[in-house]
Amino acid sequence: SPHSPLMSYEAMSLDVQHLLARLGVTKCVLLGHSMGGKTAMALALQRPDLVERLIAVDISPSTTAAVSEFSAYVAAMKSVQIPDGLPRSAARRLADEQLRPVVQLAELRQFLLTNLVEVEGRYVWRVNLEAISHHLSDIMNFPVFHKPYPGPTLFLGGSNSPYISPKDYPEIRRLFPKADIQFIEGAGHIVHQDKFEEFMTAVLNFLPAP
């Protein structure tokens with residue numbers, strides 16, 4: 001996708017709305033993980049007519065985490081230096097070594113490294129690090145909405161992740177009165193990677209019968 005200097009949930013929700021219109025989709029089941037989950041929530045709250053059901057994976061409609069932590073991750077990604085012409089496996093190893101002092105969790109490093117791509121012999125980050133760094137506080141927060149989304153909603157968290165906590169439940173219930181909150185045992189933040197089978201079962205059980 002082309003990069004944009006804007007990175008708010010309102011802007012990202014509009015991206016999805018434009019995509020649905022282009023695909024001719026008038027009603028969808030919307031699933032999003034983490035920042036994508038907040039984008040999906042924003043779309044459902046803005047345009048409930050477009051969203052039949054909503055699944056937010058390991059995220060809630062509240063402030064997510066300390067901006068400083070993610071700011072350090074972005075700075076570490078920006079500072080990665082890889083010589084041109086290296087094989088992909090060597091480039092990833094080198095980037096992994098350079099990220100390790102700041103991003104200590106191996107699973108998180110692997111997740112970030114999926115965004116390292118080769119363009120004309122040079123390795124670059126696929127994600128828009130400039131926009132992310134300028135909009136970190138927007139990304140960590142969530143816009144204010146007053147009118148709830150009336151459709152069925154599943155909040156699907158990992159039991160080992162802090163991103164959906166009991167303190168978030170009142171806001172979840174206010175904005176998503178038909179919310180069901182479930183946790184997958186043994187999963188961290190990247191639920192679909194940690195416990196794929198259990199994740200798929202939970203999603204399929206939530207979908208309407210064919």
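Remember, predicted model here, so these are calculated numbers, not experimental data.
When all heavy atoms of Pro177 and Pro148 are compared, the pair lying nearest together is CD-CB, 3.7 Å. Taking both residues in full, the closest heavy atoms of Ala44 and Val51 are given as CA-CG2, 3.9 Å, listed atom of the first, atom of the second, then distance. Across every non-hydrogen atom of Asn141 and Ser137, the tightest pair is ND2-O, 2.9 Å. Of all non-hydrogen atoms in Leu43 and Ser13, the two that sit nearest each other are CA-OG, 3.4 Å. The two atoms that bring Lys38 and Ile139 nearest to each other are NZ-O, 3.7 Å, heavy atoms only. Nearest heavy-atom pair across Gly157 and Asp58 is CA-OD1, 3.3 Å.
Residues Val102 and Ile82 fall within the same hydrophobic cluster, defined by Ile, Leu, Val, Met, Phe, Trp and Tyr side chains chained together at heavy-atom separations under 4.5 Å. Both Met41 and Met12 are part of a single hydrophobic cluster, where members link through side-chain heavy atoms under 4.5 Å apart. Clustering ILVMFWY residues whenever any of their side-chain heavy atoms sit less than 4.5 angstrom apart, transitively, puts Ile132 in the very cluster that holds Leu99. Under a hydrophobic clustering in which Ile, Leu, Val, Met, Phe, Trp and Tyr are joined whenever their side-chain heavy atoms come within less than 4.5 Å, directly or via other members, Met140 and Leu129 fall into the same cluster. Under a hydrophobic-cluster definition in which Ile, Leu, Val, Met, Phe, Trp and Tyr are linked whenever side-chain heavy atoms come within less than 4.5 Å, directly or via other members, Ile184 and Ile172 are assigned to different clusters.
Residues satisfying the side-chain hydrogen bond (donor to acceptor under 3.5 Å, both in side chains) test with Arg174, not counting sequence neighbours, are Glu171. Listed by chain and number, the residues in a ring-ring contact (aromatic ring centres under 6.0 Å, His included) with Tyr149 amount to none (sequence neighbours excluded). Qualifying side-chain contact (heavy atoms from CB on, under 4.5 Å) partners for Asp96, counting only residues two or more places apart in sequence or in other chains: Arg100, Arg109, Gln110, Leu113. Evaluation of the side-chain contact (heavy atoms from CB on, under 4.5 Å) rule for Asn128 yields His3, Glu130, Ala131 as partners, not counting sequence neighbours.
A donor-acceptor pair under 3.5 Å is absent between the side-chain atoms of Tyr169 and the main chain of Ile181, judged by distance alone. In this structure, Arg53 contributes its side chain and Leu154 its backbone to no donor-acceptor pair below 3.5 Å. No donor-acceptor pair closer than 3.5 Å links the side chain of Thr153 to the backbone N or O of Lys178. Counting only distance, with no hydrogens or angles, the side chain of Gln46 and the backbone of Glu10 share no donor-acceptor pair below 3.5 Å.
To the nearest 0.5 Å, the span separating CG on Leu6 from NE2 on His135 amounts to 5.5 Å. The CD1 atom of Ile164 lies 7.0 Å from the CZ atom of Phe155; values are rounded to the nearest 0.5 Å. To the nearest 0.5 Å, atom CG of residue Leu45 and atom CG of residue Leu54 are 8.0 Å apart.
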Q. Which is it for His134 and Met7 under the side-chain contact (heavy atoms from CB on, under 4.5 Å) test, yes or no, and what are the steps along the way?
A. CA-CA 8 Å; His134 288 140; Met7 200 168 179; over 6 Å; no
Counting only pairs under 3.5 Å, give me each side-chain donor-acceptor contact of residues 194-210, with atom names and distances, residues two or more places apart or in other chains.
residue, atom, partner, partner atom, Å
Asp194, OD2, Gly188, N, 2.7
Thr201, OG1, Glu197, O, 2.9
Asn205, ND2, Thr201, O, 3.3

Determine all donor-acceptor pairs shorter than 3.5 Å in which one atom belongs to a side chain in residues 24-37; sequence neighbours excluded.
residue, atom, partner, partner atom, Å
Lys27, NZ, Asp49, O, 3.1
His33, NE2, His189, O, 2.9
Ser34, OG, His189, NE2, 2.9

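Residues Met77 and Val127 are in side-chain contact: their nearest non-hydrogen atoms beyond the backbone lie under 4.5 Å apart. When side chains are defined from C-beta on, Leu116 counts as touching Trp125, because their heavy atoms get closer than 4.5 Å. For the pair Tyr123/Val80, no side-chain contact is recorded, criterion being any heavy-atom separation below 4.5 Å from C-beta on. Counting only heavy atoms from C-beta outward, the side chains of Pro61 and Phe145 never approach each other to under 4.5 Å.
Crowding of Phe111 atom CZ: a count of heavy atoms from other residues, nucleotides or ligands under 6.0 Å not exceeding 12.
In this structure, Tyr9 and Phe142 have tilted ring planes: the angle between them lies in the 30° to 60° band.
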